[in-house]
2 protein chains.
Amino acid sequence: MSDAVDQILGQWARERPDLDAWPMGIIGRINRLSRLVDRELKDFFAAHGLEHWEFDVLATLRRSGPPYALTAGALNRAAMVTSGAITNRIDRLAAKGLVERVPDEQDRRSVRVRLTERGRALVDEVVGLHVANEARLLASLSPDRRMELADLLRDLLESFGDTSIE
Amino acid sequence: MSDAVDQILGQWARERPDLDAWPMGIIGRINRLSRLVDRELKDFFAAHGLEHWEFDVLATLRRSGPPYALTAGALNRAAMVTSGAITNRIDRLAAKGLVERVPDEQDRRSVRVRLTERGRALVDEVVGLHVANEARLLASLSPDRRMELADLLRDLLESFGDTSIE
DNA sequence: ATTGATAATCTCAACGTTGAGATAACAGCA
DNA sequence: TGCTGTTATCTCAACGTTGAGATTATCAAT
């Protein structure tokens with residue numbers, strides 16, 4: 001019926017009736033949902049001894065297919081963080097034995113980051129539970145509405161030029 | 001037609017056909033959109049000499065109505081950050097003369113944070129441009145689809161219990 | 001009044017990211 | 001071969017948030 005964003009819109013309507021703040025009804029909700037989902041996922045991964053970003057890197061490598069290796073730059077773009085952050089993350093995952101740095105034969109500037117067997121086993125074990133947990137968070141929407149929502153978000157994402165993971 | 005998340009779903013379908021990763025089609029997109037929108041807003045506010053969080057605090061105070069004063073705790077919950085972060089933000093806004101701390105008469109544990117006249121003038125000047133900028137980011141969706149999207153996001157937000165800004 | 005529980009804010013050390021700069025390697029071309 | 005511009009990664013200081021703990025005040029019950 002009414003959520004936190006509706007209340008914010010109501011406040012603006014009262015204080016600045018000259019303004020139509022409808023865009024906040026979408027952007028504000030995307031922002032709030034993103035934070036709330038992050039909290040849930042953080043709890044989920046913590047229960048499995050992982051940080052959210054750890055799973056993120058491992059999953060990116062896993063879904064790229066054998067030999068489960070990507071360059072630091074590719075991980076960089078996939079995670080949408082800066083290069084310093086990825087260097088740090090790779091360091092820590094390597095220290096835990098979940099990935100290893102392999103020199104790139106073709107391009108000696110590049111480093112290939114490869115899942116170790118332990119890393120692959122871990123991500124394959126957790127990903128199913130992770131998807132089930134995400135499904136739980138979306139359980140309130142009917143299957144039809146889930147598709148509608150995914151379609152609308154896809155169109156919006158495309159309008160931002162987010163059309164490729166590479 | 002296809003965005004970055006569709007590609008990710010395609011990778012999972014190839015690598016783990018036993019898994020139906022549909023929830024990522026919603027949660028992954030919300031996450032990516034949130035980051036992309038944040039970047040846009042950061043650029044917008046920078047062009048107006050503001051940080052995103054600065055506008056956020058000022059706008060929260062402004063839309064609460066006269067006397068444009070809230071407790072630190074209320075700002076805390078509105079911004080969805082921890083108490084240490086809000087203390088820091090209030091400090092810096094006060095140093096810039098955009099807000100001031102006022103002792104709460106009713107509850108001496110509380111601090112009321114009030115917009116200064118300069119702060120009020122600033123937020124009133126920028127908020128209209130901000131809404132127009134957000135509208136620009138959503139221009140690719142027809143008015144009907146905007147409403148559909150807002151409705152779906154509202155339902156989802158409610159299912160997370162996000163039903164009040166207080 | 002006193003006690004104990006709860007609440008509001010601030011403090012601060014630990015931590016991770018940012019973003020600019022350094023380094024090394026590649027690619028195209030004269 | 002040497003030059004120039006570009007690309008990939010790492011380094012590191014600056015910065016902001018987190019989250020636990022300290023402080024002070026309020027409230028309820030006795």
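Keep in mind that what you see is a predicted model, and the values were worked out from it rather than measured.
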Go through the N and O atoms of the side chain of B:Arg109 and the base of D:dT24, and report whether any donor-acceptor pair is under 3.5 Å. no
Is any side-chain N of the basic residue among B:Asp3 and B:Arg29 closer than 4.0 Å to the acidic one's carboxylate O?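 Here B:Asp3 pairs with B:Arg29 in a salt bridge, since their nearest N and O are under 4.0 Å apart.
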Any carboxylate oxygen within less than 4.0 angstrom of a Lys/Arg side-chain nitrogen, looking at B:Arg120 and B:Asp124? yes
Nearest-angstrom distance from the residue atom [atom1] of [X] to [atom2] of [N]:
| X | N | atom1 | atom2 | result |
| --- | --- | --- | --- | --- |
| B:Arg77 | C:dA8 | CZ | P | 6 Å |
| B:Ile86 | C:dT9 | CD1 | P | 10 Å |
| A:Leu75 | D:dA8 | CG | C1' | 13 Å |
| A:Asn76 | C:dG19 | CG | P | 13 Å |
| A:Arg39 | D:dT17 | CZ | C1' | 13 Å |
| A:Trp53 | C:dC15 | CH2 | P | 13 Å |
| B:Asp104 | D:dT26 | CG | P | 9 Å |
| A:Asp56 | C:dT17 | CG | P | 11 Å |

Can you tell me if the side-chain N/O atoms of [X] get under 4.0 Å from OP1 or OP2 in [N]?
| X | N | value |
| --- | --- | --- |
| B:Arg108 | C:dA8 | no |
| A:Arg92 | C:dG16 | yes |
| A:Arg101 | D:dC10 | yes |
| A:Arg89 | C:dT17 | yes |
| B:Lys42 | C:dT18 | no |

Residues 125-140 of chain A, side-chain donor-acceptor partners within the protein, below 3.5 Å, at least two apart:
unit_1, atom_1, unit_2, atom_2, d
A:His130, NE2, A:Glu134, OE2, 3.4
A:Asn133, OD1, A:Arg136, NE, 3.1
A:Asn133, OD1, A:Arg136, NH2, 2.8
A:Arg136, NH2, A:Glu40, OE1, 3.3
A:Ser140, OG, B:Ser159, OG, 3.4

Which pair of non-hydrogen atoms, one from A:Arg89 and one from A:Ala79, has the smallest distance, and what is that distance? NH1-CB, 4.0 Å
Minimum heavy-atom separation for A:Leu153 and B:Ile26, please, with both atom names. CD1-O, 3.9 Å
Would the distance check show the side chain of A:Arg32 and the main-chain N or O of B:Met80 forming a donor-acceptor pair, the cut-off being under 3.5 Å? no
Select base, sugar-phosphate, or nothing to describe what A:Arg112 touches, counting heavy atoms under 4.0 Å on all strands.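 No contact.
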Describe the nucleic acid contact of A:Thr82 in one word from base, sugar-phosphate, nothing, applying a heavy-atom distance below 4.0 Å.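 The answer is base, as A:Thr82 lies within the cut-off (heavy atoms under 4.0 Å) of a base atom.
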Greater than 12 external heavy atoms within 6.0 Å of B:Glu105's CD: no
By nearest heavy atom, map A:Glu51 and B:Ser110 onto DNA chain C; which one lands nearer the 5' end?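 Closer to the 5' end of DNA chain C: B:Ser110.
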Using heavy-atom distances to pick each residue's nearest nucleotide on DNA chain C, tell me which of A:Gln106 and B:Thr71 is more 5'. B:Thr71
Any protein N or O atoms within reach of nucleotides 11-14 of chain C? Criterion: under 3.5 Å, listing atom names and distances.
none

Taken in chain and number order and not counting sequence neighbours, the residues that satisfy side-chain hydrogen bond (donor to acceptor under 3.5 Å, both in side chains) with B:Glu100 are B:Arg114
For B:Met80 and for A:Val111, locate the closest nucleotide of DNA chain D by heavy-atom distance; then report the residue assigned to the nucleotide nearer the 5' terminus.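 In this pair, the answer is A:Val111.
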